[in-house]
Structures are given as C-alpha cells and as structure tokens.
Amino acid sequence: MPELPEVEVVRRGLERWVTGRRVGAVEVLHPRAVRRHLAGGPDFAARLHGIRLGTAMRRGKYLWVPLDDMTFSLLGHLGMSGQLLVQPQDAPDEKHLRIRIVFDDALGTELRFVDQRTFGGLSLHENTPEGLPDTIAHIARDPLDPAFDDAVFHAALRLRRTTVKRALLDQTLISGVGNIYADESLWRSRLHYERPTATLTRPATTLLLGHVRDVMNEALAQGGTSFDSLYVNVNGESGYFDRSLDAYGQEGEPCHRCGTPIRRRPWMNRSSYYCPHCQRPPRAQPVP
DNA sequence: AGTTGAGCCTGTTCGC
DNA sequence: TGCGAACAGGCTCAAC
C-alpha cells in the first residue's frame, strides 16, 4: 500500500522520466480506472492526446501533472494497489494494466497505470488559481509541506468533537496520513486512538506532528533511493514496514518500550494497533 | 451542520 | 481438499 513517502518517490520518478514529453496514444483498458474522469474513458484519451506534460506535483497521496498551459492537470491516486510504471514499449503488459500512455517521441518508453484493486485511478481536471486540480482543492496540506500550519491544525483539533485517529485520517485537516502511520505516530506519542481531540494540549499536538513527520521521513529515507532506475518505483513495498514498525501489525508482539503485548482492536472497518500500557484509553469526558 | 460509518474492490490467508 | 469468510484500507458520501 503506497503511503505518502512512496507517493513522493513516484512523483520524483515522474519528474525524472516523463516531464516535458508529449502524449501520443492513450489506451484505457478498465473504465473503473478513469471513473473520476466524469466525461469517460474516450474523452480522457482524446483530451490527453498531443498534450505536453509538466512537472509532477504532490499533496498528501494525490499526484498531478500540469498540462501545457497549466489550466488543466492529469491527476492520479494510487489507492491501495496502484502503480505508475515507466516501461519499455515492448515489455509485456502487466496482468492488471489499466491505462497505457504512449509518448510521441523516440525514447521507447511508455507510462502505465497498473492497479489490481482499482481503488486508484487517473483523471483530468481544471486547475484552481493556485494551480491545484479543482477536485482536490478541499484536501489539506500534508505535514511534510513547508506551508503546513501546525497552529491552525491544533486549533482545528480543539474545535472538533472527534477522536485523534479519526482526525489524523481526515483529509480536510491533514493529508497523507494512512492507517499505518497513524498507528505508528500515536504509539510514539503515547496517545490512545480514541483520545478526544478537544483534550489535546498544544504540546501534545506538537509532539504528535513531530512523530508523524519522523515516521514519514524515515520511510522516505529508506524508500527514496530507487527512483532513478527505469521504473517509476511504486510497488508499495518499501521494506520499511517489515523492519521498523512499532505498533501496526504487531498484535501479540512485545511493545518496544515496555514489553506489554501490542493489541489489535477493530476500528472503522479496519484495525487499530496500540500498546495498552503506554497508550491508555481516555477516561469518559463529560460533554459540556 | 458536524459527525459517523458503510461501501468500493480483489487477491491472499485463514478456519471449518 | 475445498470453499467461504475475514482481511487489507484511502477516500467519499449518505445518513444521522
């Protein structure tokens, strides 16, 4: 599952391998992969044909490539299992190849969107005046964005009547934090996932954001080295997760701080992993 | 109007 | 052995 650091690696790969190239034929092999392009697959392919690609951008887990005059962008999301690959044109099709973008040049490579579960996809959108595809204008900046405002984030947490993990996954508050990094940063912060955000102090928020950034930067440092191969690297297996996880997927394993077995609890149709000793559940708070 | 939780999708793993 | 259930989860949106 590509997390923000992996998506950043893909962005760098796109920057390296497709910037400035002019699109030739576009082949949509699965309609679901362009479902966010409301005008449909044929329109997607026709509009893209002949367009020159700009420099790839990223916010959270969204990627986009501005087109020619910057009024439109090619937007992508990898979902759970998506990959963007730059492949030799004669390489055999991947089993789950969904979209093929051929270039009108002599470099001999093409861009492929491969996605087993088709949670991800590509689409074309008008840009906002800020240069952001309009459909993601509501997505908050991610914590690695220099313009992310910690004070504004904290103020929003205080106003919300929700829990801290839910807030970490709320794209309108902060983007790019998935289930894995949420559990990891909460473990590092010794915060229980059901802690009401309204009870977080400013130092607690600062600590939490620091750990979110640490986890992401550590993964980026480990996964960010392979992007200058021919492949735009995105297999979702950075190797980071197997070696470095403290909480996520560690049910029954001793907590790396105190030795108490890590617990797994069903949460929002998925799981939350936490240390029952280090991350104490919040006391019931009277609602004012 | 803010908050909640179901649902999308398919390959893999697990238990009966 | 075979089959169905559970699971993985980023994001949206209907419903409360």
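Please read these numbers as outputs of a predicted model, since none were measured by experiment. Within every chain, numbering begins at 1; the chains are lettered A, B, ... in the order of the sequence lines, protein sequences first and strands thereafter.
Rounded to whole Å, the distance from NE2 on His77(A) to C1' on dT12(C) is 11 Å. Remark: P of dG10(C) and CG of Leu4(A) are 12 Å apart, rounded to the nearest angstrom. As a whole-Å value, the separation of Met80(A) CE from dG10(C) C1' is 7 Å. One interatomic measurement links the two molecules: CG of Leu168(A) to P of dG10(C), which rounds to 12 Å at whole-angstrom precision.
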For each nucleotide in nucleotides 1-8 of chain B, reading 5' to 3', give B when a protein heavy atom comes within less than 4.0 Å of its base, S when such contact involves only the sugar-phosphate, and - otherwise.
--SBBBBB
Close N or O pairs between protein and nucleotides 11-16 of chain B (under 3.5 Å):
from, atom 1, to, atom 2, distance (Å)
dG11(B), O4', Gln116(A), OE1, 3.0

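For the pair Asp142(A) (side chain) and Arg59(A) (backbone), a donor-acceptor distance under 3.5 Å is absent. The backbone N or O of Asp104(A) lies less than 3.5 Å from no partner atom in the side chain of Arg22(A), so there is not a single donor-acceptor pair.
Taking only side-chain nitrogens and oxygens, Tyr181(A) never comes nearer than 4.0 Å to OP1 or OP2 of dG10(C).
Under the 4.5 Å side-chain heavy-atom criterion for grouping Ile, Leu, Val, Met, Phe, Trp and Tyr, Val10(A) is not connected to Trp64(A) through any hydrophobic cluster.
For the residue pair Thr118(A)/Arg32(A), the side-chain donor-acceptor check at 3.5 Å is satisfied. In this model, a donor atom of one side chain and an acceptor atom of the other lie less than 3.5 Å apart for Glu94(A) and Gln87(A). Inspection of the Asp115(A) and Ser81(A) side chains reveals an N or O donor paired with an N or O acceptor under 3.5 Å.
Each end of the helix from dG2(B)-dC16(C) to dC16(B)-dG2(C) yields a helix axis from five base pairs, and these two axes differ in direction by 60° (to the nearest 10 degrees).
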